[in-house]
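Report on the structure given below.
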2 protein chains.
Amino acid sequence: MSRAYRPDETRRRILEAAYGVIHRHGFQAAGLNDILALTGVTKGAMYHHFPGKTALGYAVVDELVKSYLEDWWLAPLDAEGEDDPLAAIARTIQDNMTDRVPAIHLLGCPLNNLAQEMSPLDGGFRQRIEELYRAWRRRLSRALTRGQHSGSVNAAADTDEAATLIVAAIQGAFGQAKSAQSMAPFHDCMAGLNRYLMGLRP
Amino acid sequence: MSRAYRPDETRRRILEAAYGVIHRHGFQAAGLNDILALTGVTKGAMYHHFPGKTALGYAVVDELVKSYLEDWWLAPLDAEGEDDPLAAIARTIQDNMTDRVPAIHLLGCPLNNLAQEMSPLDGGFRQRIEELYRAWRRRLSRALTRGQHSGSVNAAADTDEAATLIVAAIQGAFGQAKSAQSMAPFHDCMAGLNRYLMGLRP
DNA sequence: CACGTGACATACCGGGGAGTATGAAATCAC
DNA sequence: GTGATTTCATACTCCCCGGTATGTCACGTG
């Protein structure tokens, strides 16, 4: 038989269950018992791997949320041979919009949810979330700057400003879609954003 | 001496204290005891005026949040003799940005906060919040349409799409400012939004 | 002024939450 | 193989929070 103790596997299962429950109910309303019931592991195991609920939340941000942000929103910007960031941004949005429909209009963006809930309450969360937002803006800004060098983006555009607006539009679109329980506001908003992106052409 | 019983005054104090605590901690983390301690009234009074915590939250949205949204963001769009909605929108943003600085980057937008936290959890909140978002979009869209008729807005622009993007950008800017605990992202974002608005000129 | 009702105050309850103490089983070090 | 350490399980504890039961005082009404 295989080994009975698989610590890293156990840790990962707890993390992923926590991610799901937090995504659904928010961090404060996420019950440890719910998370544990979902995984089948017990409280003893959880408190062996994590010092407490807060640390578990930090780990969710540090490992899962960060990783999803990277995979879904950041990496596509730096795709091989990409020299048209405006097209890459539009394509990334389109991909995420079609791939994760239910998560968007039912649960919203995990990063945005956590940001709104926890930023003013807990400095640890705030710093971690701010770091992710900063990374997002920087990657967008750098991609746009590369586009300026390659001639696909207007050289006069303020790339930092544009990056901030793009992130805000995406987060705001998530919020409206979640409240409406419909993808319609998201689609409208992204159409408007695309029009804005077109305005950044040379 | 003045009257000892002032029911509507008491109700209002409870409502406003609840608004403050909810704005700071979110609805779920807002303790009734905190709210009551802040007002000086007791639990008996509170449960006399409101059936429970949820009803209190609904009342906060229905009366206070709705009213603030109207006063700060909607009414300025329909100012007397206003036929340049793009200027009115830019001015409204500027006014709110300078008037309520600490609330923005420390606590965020009350509507946005509640939307992110409560929309997926409670249908009552969701409907109320969605109604406010819809009203916001509609007022923006109508203002833009009026601008099209008066010639200050490009007749080819999709006003619904633009309204949704404007709301999203504002909400997203709030979120980033709150996480950064700084007005910088808000300013960047609004500058970008202004540039987008300029693109809607004929 | 009596009476009924509205407007509060006080004290308490039940439940669910995070966290802990302790122990057993598995794995590792030597 | 044996002691030490890691990994997990069970059974609690404590506390806070929303909610309730009940009592008291003020105020309008006849």
Side-chain angles (χ1 to χ4, degrees), chain A residues 1-61 63 114 117-118 121-125, chain B residues 1-61 63 114 117-118 121-125:
Chain A
M1 72 176 183
S2 70
R3 321 207 327 254
Y5 283 176
R6 275 166 297 182
D8 42 2
E9 163 79 10
T10 300
R11 202 188 110 100
R12 237 200 51 185
R13 286 179 57 186
I14 297 174
L15 261 185
E16 287 177 356
Y19 171 83
V21 177
I22 291 173
H23 192 190
R24 216 153 307 195
H25 303 296
F27 176 76
Q28 306 183 88
L32 289 184
N33 297 329
D34 297 359
I35 297 175
L36 297 173
L38 210 64
T39 63
V41 274
T42 62
K43 198 168 283 191
M46 185 251 154
Y47 271 91
H48 172 72
H49 287 283
F50 304 94
K53 190 191 178 186
T54 304
L56 175 59
Y58 290 171
V60 166
V61 176
E63 306 179 30
L114 272 177
E117 181 190 5
M118 298 307 296
L121 263 64
D122 183 288
F125 273 104
Chain B
M1 71 177 184
S2 70
R3 317 202 334 249
Y5 283 177
R6 274 166 298 181
D8 42 0
E9 164 79 10
T10 301
R11 201 188 109 100
R12 238 200 52 186
R13 286 180 56 185
I14 297 174
L15 261 186
E16 287 177 356
Y19 172 83
V21 177
I22 291 174
H23 192 190
R24 216 154 307 194
H25 303 296
F27 176 76
Q28 305 182 90
L32 289 185
N33 298 328
D34 297 358
I35 297 175
L36 297 174
L38 210 64
T39 63
V41 274
T42 62
K43 199 169 282 191
M46 186 251 154
Y47 271 91
H48 173 73
H49 288 283
F50 303 95
K53 190 190 179 187
T54 305
L56 175 59
Y58 289 171
V60 167
V61 177
E63 307 178 30
L114 271 177
E117 181 189 5
M118 297 308 296
L121 263 64
D122 182 290
F125 273 104

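Just so it is clear: chains get the letters A, B, ... in the order the sequence lines come, proteins before strands, and each one is counted from 1.
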In whole Å, I'd like the distance from the CG atom of Leu36(B) to the P atom of dC8(C).
13 Å
Proximal nucleotide (of dC17(D), dC27(D), dT27(C)) relative to the Ala4(B) side chain
dC27(D)
Enter the distance from Phe27(A):CZ to Leu121(A):CG here, rounded to the nearest 0.5 Å.
10.0 Å
Between the main-chain N or O of Ala30(B) and the side-chain N or O of Lys53(B), is there a donor-acceptor pair closer than 3.5 Å?
yes
Please report the distance, rounded to the nearest Å, between CD in Gln28(A) and P in dC17(D).
12 Å
Asp34(B) CG - dC16(D) P separation (whole Å)
11 Å
Quick one: is dC8(D) close enough that its OP1 or OP2 comes under 4.0 Å of any side-chain N or O from His48(A)?
no
To the nearest angstrom, the CZ-C1' distance between Arg6(B) and dC8(C) comes to 13 Å
When the distance from CE of Met46(B) to P of dG18(D) is rounded to whole Å, what number comes out?
9 Å
Rounded to the nearest 0.5 Å, what separation is found between the CZ atom of Arg11(A) and the CG atom of Leu56(A)?
9.0 Å
Nearest 0.5 Å please: distance from the CG atom of Leu32(B) over to the OH atom of Tyr47(B).
5.0 Å
d(Leu114(B) CG, Tyr19(B) OH) to nearest 0.5 Å is 9.0 Å
Using whole Å, what does the distance between atom C1' of nucleotide dG19(D) and atom CD1 of Ile35(B) come to?
14 Å
For the CD1 atom of Ile22(A) and the CD atom of Gln28(A), what is their distance to the nearest 0.5 Å?
11.0 Å
From dC8(D), dA26(C), dC8(C), pick the nucleotide closest to the side chain of His49(A)?
dC8(D)
When you get a sec, tell me which of dC8(C), dA9(D), dG17(C) is the closest nucleotide to the side chain of Pro7(B)?
dC8(C)
Look at the side-chain N and O atoms of Thr10(B) and state whether any lies under 4.0 Å from the OP1 or OP2 oxygen of dC8(C).
yes
Atom pair NE2 (His25(A)) and CD (Glu117(A)), whose distance is rounded to the nearest 0.5 Å:
12.0 Å
Once you round it to whole Å, what is the distance between P of dC15(D) and CG of Asn33(B)?
16 Å
Exercise: identify the closest heavy-atom pair between Thr42(A) and Leu36(A)
O-CD2, 3.8 Å
Footprint string (nucleotides 19-25 of chain C, 5' to 3'): B base within contact, S backbone only, - free, heavy atoms under 4.0 Å
BB----B
Considering only heavy atoms from C-beta outward, does the side chain of Asp34(B) approach that of Leu38(B) to under 4.5 Å?
no
Using a cut-off of 4.0 Å on non-hydrogen atoms, how would the nucleic acid contact of Ala30(A) be classed: base, sugar-phosphate, or nothing?
sugar-phosphate
If each end axis of the helix from dC1(C)-dG30(D) to dC30(C)-dG1(D) is fitted on five C1' pair positions, the angle between them, to 10 degrees, is 10°
